[in-house]
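Beneath this line is the structure, given in structure tokens, with notes to follow.
Quick note on labels: first sequence line is chain A, next is B, and so on, each numbered from 1. What you see below is based on every heavy atom in this structure, not just the backbone, and it leaves out hydrogens, waters and symmetry mates.
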Number of protein chains: 2
Amino acid sequence: MVTLAEVAQHAGVSASTVSYVLSGKRSISANTRQRVERSIRELGYHPNAGARALASSRSNIIALMIPLRTDIYVPVMMEIAIAVATTARTHGYDVLLLTGEEGPDAVRRVAGSGLADGMILMDVELDDERLPLLRETDQPAVLIGMPADTTGLTCVDLDFKATGALCAEHLAQRGHRDIAVIGEAPAVYERHTGFAERTLDGVRTRARELGLRLLHRPCEGGYDAMALTLARILDERPGTTGFVVQNESALEPLLALLRQRGRAVPEDVSVVAVCPEQVAVQASVRLTSVAIPAQEMGRRAVEQLVAKLDGRGGDEVVLLAPELTVRASSGPAPAQP
Amino acid sequence: MVTLAEVAQHAGVSASTVSYVLSGKRSISANTRQRVERSIRELGYHPNAGARALASSRSNIIALMIPLRTDIYVPVMMEIAIAVATTARTHGYDVLLLTGEEGPDAVRRVAGSGLADGMILMDVELDDERLPLLRETDQPAVLIGMPADTTGLTCVDLDFKATGALCAEHLAQRGHRDIAVIGEAPAVYERHTGFAERTLDGVRTRARELGLRLLHRPCEGGYDAMALTLARILDERPGTTGFVVQNESALEPLLALLRQRGRAVPEDVSVVAVCPEQVAVQASVRLTSVAIPAQEMGRRAVEQLVAKLDGRGGDEVVLLAPELTVRASSGPAPAQP
DNA sequence: ATAGGCTGTCGAAGCGCTTCGACACCCCCT
DNA sequence: AGGGGGTGTCGAAGCGCTTCGACAGCCTAT
């Protein structure tokens with residue numbers, strides 16, 4: 001293992017000079033800098049992370065807390081995580097992966113041990129139990145998602161309320177009068193994960209303003225659950241012609257079931273999804289959808305956190321504006337019989 | 001920030017004693033131990049990770065390298081990652097998330113800086129460019145997947161060859177004579193990711209032994225690609241009655257397309273999938289499948305790595321035995337017309 | 001009764017880096 | 001010519017922890 005001291009000796013300078021070349025915190029003559037850089041290359045030097053962390057009280061690590069839940073659409077989580085990791089690297093940070101397993105204690109452990117300089121929390125609940133700890137230890141942190149009380153917190157999220165509104169508008173515009181929201185699994189609502197409720201709120205508010213009749217049904221993923229849910233919806237409101245779907249694993253089942261019942265998409269029924277682009281494009285009917293900008297969310301979260309760690313920028317709620325892309329699953333409402 | 005020294009003072013012992021209480025590397029009287037533990041609790045002490053790493057040359061961190069590819073089924077990756085993270089915690093390790101972005105350099109960086117004590121690599125190619133580095137730096141490492149040359153390496157993977165064989169056997173047993181493998185995207189084969197080829201090899205070998213006629217077609221995910229692929233298969237071998245599907249995002253499309261063509265599953269056609277349990281159960285037809293034991297793979301990988309770090313256990317290839325679960329998508333071949 | 005071996009605790013020496021203050025040295029200004 | 005202000009470099013003091021050797025005190029075996 002090559003050390004700073006060895007590099008210094010090899011280059012014929014003192015250790016501190018090498019350190020300053022590396023950090024750029026003091027000016028170094030071009031000549032010296034080059035000699036040092038050459039020595040670093042020749043010896044294959046890599047600064048020891050532990051020593052660096054100890055001396056500078058900075059680990060250059062960001063902790064990313066991902067919950068363990070399986071009722072949330074996993075690819076989105078993954079995409080966010082990957083975006084976080086790559087963005088972090090561009091800012092000189094590595095990412096530590098924490099799972100929900102350890103619960104709120106992880107916050108204490110990470111904050112206390114100086115393992116990470118800051119953290120990013122995913123799948124934030126409205127009244128998340130990690131938040132008090134965050135505030136109390138005043139860990140630099142960024143949430144992906146939005147709790148009920150955001151004072152003193154930095155959050156990044158898709159504007160789900162606007163998303164819901166956008167979906168309602170789209171359907172209204174095409175002449176649909178009776179619409180249904182097929183939501184996430186009941187557990188998601190019970191847990192008060194904000195995004196589901198906010199989307200619903202958005203649809204509901206806008207639907208009311210536009211004079212739409214609205215039905216909302218949570219739905220576990222899968223074929224069977226969707227069959228039940230759909231049956232119930234069409235039972236109660238046979239005239240339903242517009243669907244807003246927020247549960248990715250209910251999408252294909254819904255399309256298959258509609259087909260089976262002889263309701264053609266988009267001729268008889270329109271479907272608007274809230275899902276990642278890829279899902280919308282790969283579905284058996286190319287779906288009109290509001291994309292979940294997973295990459296963007298991950299990227300922004302890191303940027304906010306890095307800004308905080310650099311002492312720039314304060315608490316802020318970043319809501320990404322939703323964009324609805326019209327594809328093949330939505331069209332004008334059928335003429336009233 | 002509470003330090004060891006403060007704990008020592010509070011408990012009225014020396015710093016080294018506290019350290020030994022923490023590490024258990026020397027015997028400590030019950031009395032002293034309790035006093036120290038009490039002080040630790042009262043002061044809310046957490047050992048500083050950097051200092052610890054510096055002094056002990058152990059970071060208690062495992063690096064997990066996940067590629068960025070999108071043509072691989074993401075939920076499996078995620079499940080493995082989560083399993084790795086939680087298992088690591090039970091052994092006192094944290095997990096550092098590295099993406100493919102940085103490429104092989106990440107190996108050098110992590111090894112050189114002592115950031116992690118060892119690494120776990122996912123999505124290993126047959127001739128992976130990271131392997132020479134791994135051997136050269138002799139980083140303790142475990143691969144999830146199998147390269148062409150495993151000498152000096154520890155690998156954990158599902159036995160995909162046996163998986164393929166199992167699928168072929170199952171179909172043969174039900175009387176199918178013409179079967180087709182719907183594989184991963186062409187890119188996956190070009191990249192020489194072993195698992196796809198090994199599965200195919202398994203099917204092919206066993207099919208030959210059992211006198212089955214076999215067709216293999218790679219397939220991008222999605223509805224359109226699957227439509228094309230299926231058309232081509234049925235064109236060439238209209239009598240095909242058994243399908244082995246390894247590409248998760250081709251599954252629903254295939255089922256829908258078969259339905260559309262009037263071929264009932266499982267009455268006319270049988271489908272065997274290689275996919276996570278959840279996918280098999282949630283599909284529109286409950287699928288006969290060989291499960292991909294993602295959790296188990298992650299867990300085993302960590303255990304192998306920890307054993308290595310503890311100086312126990314050497315290089316070893318752990319192949320998990322596949323299990324085929326019969327569900328509703330496979331049945332006896334239809335009588336020959 | 002005494003040598004020898006345990007047990008439990010302590011002090012001190014680092015681990016490899018960052019950072020602060022000190023200080024040559026050179027250049028420019030008056 | 002001499003003082004003032006940059007530049008560029010160095011030495012040394014830690015950062016908080018682990019770990020080695022030392023040693024006091026006690027118990028056992030002779």
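- Phosphate contact (OP1/OP2 of D:dT19, side-chain N/O of B:K25, threshold under 4.0 Å): present.
- Identified under the side chain to side chain donor-acceptor pair (under 3.5 Å) test for residues 110-121 of chain B, with sequence neighbours left out: B:R58-B:D117, B:S59-B:D117.
- Whole-Å rounding puts the A:N48 CG to C:dG16 C1' distance at 6 Å.
- The closest side-chain donor-acceptor pair between B:S14 and B:T17 falls under 3.5 angstrom.
- A:S29 and A:N31 share no donor-acceptor pair across their side chains, judged by distance under 3.5 Å alone.
- In this structure, B:E101 and A:T90 have side chains that are not in contact, with every pair of non-hydrogen atoms separated by 4.5 Å or more.
- Summarising the geometry, the separation between CG on B:L22 and C1' on D:dG16 is reported as 12 Å, rounded to the nearest angstrom.
- Under a 4.0 Å N-O distance rule, the pair A:R41/A:E37 does not qualify as a salt bridge.
- With contacts defined as side-chain heavy-atom distances shorter than 4.5 Å, the pair A:V95/A:I61 does not qualify.
- Residues of residues 106-115 of chain B that place a heavy atom closer than 4.0 Å to DNA chain D do not occur.
- Going from atom CG of B:N60 over to atom C1' of D:dT18 covers 13 Å, rounded to whole Å.
- Between B:L4 atom CG and D:dC17 atom C1' there is a gap of 6 Å when expressed in whole angstrom units.
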Summarise how protein sits on nucleotides 8-15 of chain D as a single string, 5' to 3': B when a protein heavy atom is under 4.0 Å from the base, S for sugar-phosphate-only contact, - for no contact. SBBB--BB

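- Under the 4.5 Å side-chain criterion, counting only non-hydrogen atoms from C-beta, A:I80 is in contact with A:I144.
- Using a 4.0 Å cut-off between charged nitrogen and carboxylate oxygen, A:R109 and A:E102 count as a salt-bridge pair.
- Separating the CE atom of B:M1 from the P atom of D:dG16 is a distance of 9 Å, rounded to the nearest angstrom.
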